[in-house]
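All ligand and atom numbering here is 1-based and tracks the order in the structure. Just so you know, residue 1 is the first one in the sequence shown, and it goes up from there.
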Amino acid sequence: MKFKQLAMTMIFAAAGALTLGNSGKTFAAAPAGKKHTADMRWWKKARFGMFIHWGLYAVPAGVWHGKHIGEGGEWIKNNAHIPNRQYNALARKFDPVDFNANQWATIARKAGMKYMVITSKHHDGFCMFNTKATNFNVVKATPWHKDPLAMLPAACKAQGITFCTYYSIMDWHSRDQVPAHPSATHPTYNPTHFAPGRGEAYLHYMERQLHELVTQYHTHLFWFDGQWMHGWDRSDARQLYTYIRSIDPTIIINSRIGFGYGDYATPEQSIPPRGLPGPWETCMTINNTWGYVSWDHHWKSSTMLIHHLIHCASGGGNFLLNVGPTAKGIIPKPEVRRLMAMGKWLRVNGDAIYGSHRTPFAKALSFGYATQKPGKLFLEVTKWPKSRTLVVPMHNKIVRAYLLSNPYIPLQTASGHDGQLVYVPAQAPDSVATVVVLQVDGAVRPM
Ligand code: FHN
């Protein structure tokens, strides 16, 4: 995937997550050992969430003046160099008459997702909630006049999904920020910088909106982004972090608020091979774009997506998988089909994922992945052994072994030179990933 915005490089050191924004600034994840005041318990147990990129950009859907505009639907204002007036006019065409909050929350539940992070305001500055801070919002500026973020929290609660919000610090619409290359006909917005003397005013604008999102829309998490705009500095990050904590100390904040603030690291479109030391979450698209793009049919298979989820969990991380609804409010069918396949796998194997802890093994396993809970080692076998024998590199004797899908039939085991042996059926019961459960005494002691 090639994106201009990926001029910024996402580099993830083993010691933590470092994100190099366009400005080349480095934003470290929460410093090791930082005391979390946020209530991370639900988040760490959840393991799997739905990311939703939805806004005015769904109207052009990756096409401008008849041309395919690559590198992201939600970036079309920047990548097609659309002047403000022309872009703002899209609001008059945004009328998602097919939007159904209960349907979206139900899809998330059936997918096995436990939280939802939706764009309240992306880089384009359009607000998908009825904010009093600007009329450039979904209720005041569109013929729809409805507030999706007012409908989703109750829909999510009814489905057992935790409601969370994405919020971009960079804002291509705000008068407090100046585009990288202003032009009446061919502007480039990214990366913006603060207009002279307007930084404090913009911070106040954000605080007003974040207060609304916490107190009126009851978000449980802020997924910040766009922190690479020029002029966003440590004091700004600290002020925003402190402000949010003053409203509700349990709110979770991601690392992209910047400068080591935030509660978890946010690798994007990639999974750190052995996970990261502290709390982390990989976010990923199902095709190649976050916002809806009508011509992007590069869909990942459900098998690959299930393996990505397992890989994240085995590294002690979460998997935030994105959907890009259309301008009519429909989650594209190819995305729904893949999510239903993930949910079907999780209904059988979710015990290995939800609330699990990272693998005890420092090296990758030849047959797949591992996760664990006290007294249990889960082996997510993605490469079924032709020898019908799994070799588990640990000293612990196995108390009992069984297929998670069929716990009543024990599997035979033995001790070998290279670890514990588990004898499995000739054919993999689940060709995508079969979970073998090993009951062990005490903590796993890898060889
Ligand atoms: O520029 C954004 C992009 O549009 C998208 O929102 C992703 C999602 O993580 N974040 C930024 C690129 O890193």
**Q** Is there a polar contact between ligand 1 and W290, counting only N or O atoms under 3.5 Å apart?
**A**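 So ligand 1 has no N or O lying under 3.5 Å from an N or O of W290.
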
**Q** Would the H186 and H81 ring centres measure less than 6.0 Å apart?
**A**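 Centroid separation for H186 and H81: below 6.0 Å.
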
**Q** Can you say whether the rings of F194 and Y202 are parallel (under 30°), tilted (30 to 60°) or perpendicular (over 60°)?
**A** tilted

**Q** If every non-hydrogen atom of W280 is compared with every non-hydrogen atom of G316, which pair is closest and at what distance?
**A**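 Closest pair (atom of W280, atom of G316, distance): NE1-C, 3.6 Å.
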
**Q** State whether R256 and D225 are salt-bridged, where the test is any N-O pair (Lys NZ or Arg NE/NH1/NH2 against Asp/Glu carboxylate O) under 4.0 Å.
**A**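 Yes, charged N to carboxylate O under 4.0 Å.
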
**Q** Does the plane of the ring in F94 sit parallel, tilted or perpendicular to the ring in W144? Use 30° and 60° as the thresholds.
**A** perpendicular

**Q** Considering the heavy atoms of D225, write down every atom of ligand 1 situated less than 4.0 Å from one of them.
**A**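 Checking each atom against D225, I get 2 (C), 5 (C), 6 (O), 7 (C), 10 (N), 11 (C).
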
**Q** Can you list the ligand 1 atoms lying under 4.0 Å from a non-hydrogen atom of W228?
**A**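 Those qualifying, in numeric order: 1 (O), 11 (C).
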
**Q** Could you tell me whether ligand 1 has any atom less than 4.0 Å away from a heavy atom of Q269?
**A** no

**Q** Polar contacts were defined as any N/O atom of the residue lying under 3.5 Å from an N/O atom of the ligand; does this apply to E268 and ligand 1?
**A**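 Yes, since at least one N or O of E268 sits under 3.5 Å from an N or O of ligand 1.
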
**Q** Is the shortest N/O to N/O distance between W223 and ligand 1 below 3.5 Å?
**A**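 It does not: no N or O of W223 is found under 3.5 Å from an N or O of ligand 1.
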
**Q** Go through ligand 1 atom by atom and flag the ones less than 4.0 Å from a non-hydrogen atom of W75.
**A** 1 (O), 2 (C), 3 (C), 4 (O)

**Q** Which of the atoms in ligand 1, numbered in the order shown and given with their element, are less than 4.0 Å from a heavy-atom of R256?
**A** 9 (O), 10 (N), 13 (O)

**Q** Which of the numbered atoms in ligand 1 are under 4.0 angstrom from any heavy atom belonging to E74?
**A** 3 (C), 4 (O), 5 (C)

**Q** Once you restrict to heavy atoms under 4.0 Å, what part of Y57 touches ligand 1? Side chain, backbone, both or neither.
**A**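 Y57 to ligand 1: no contact under 4.0 Å from either part.
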
**Q** Cation-pi between K77 and Y57: NZ/CZ under 6.0 Å from ring centre and within 45° of the ring axis?
**A** no

**Q** C283 heavy atoms, cut-off 4.0 Å: which ligand 1 atoms fall inside?
**A** 9 (O)

**Q** Examine the proximity of ligand 1 to M170 and report which part, side chain or backbone, both or neither, has a heavy atom under 4.0 Å away.
**A** neither

**Q** How does F224 reach ligand 1, if at all, at less than 4.0 Å between non-hydrogen atoms: by side chain, backbone, both, or neither?
**A** neither

**Q** What do you reckon, are the aromatic ring centroids of W104 and F99 less than 6.0 Å apart?
**A**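 When the ring centroids of W104 and F99 are compared, they turn out to be within the sub-6.0 Å range.
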
**Q** Between D296 (side chain) and N288 (backbone), is there a donor-acceptor pair under 3.5 Å?
**A**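 Confirmed, D296 side chain pairs with N288 backbone.
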
**Q** Ring centres of H311 and Y369 under 6.0 Å apart?
**A** yes

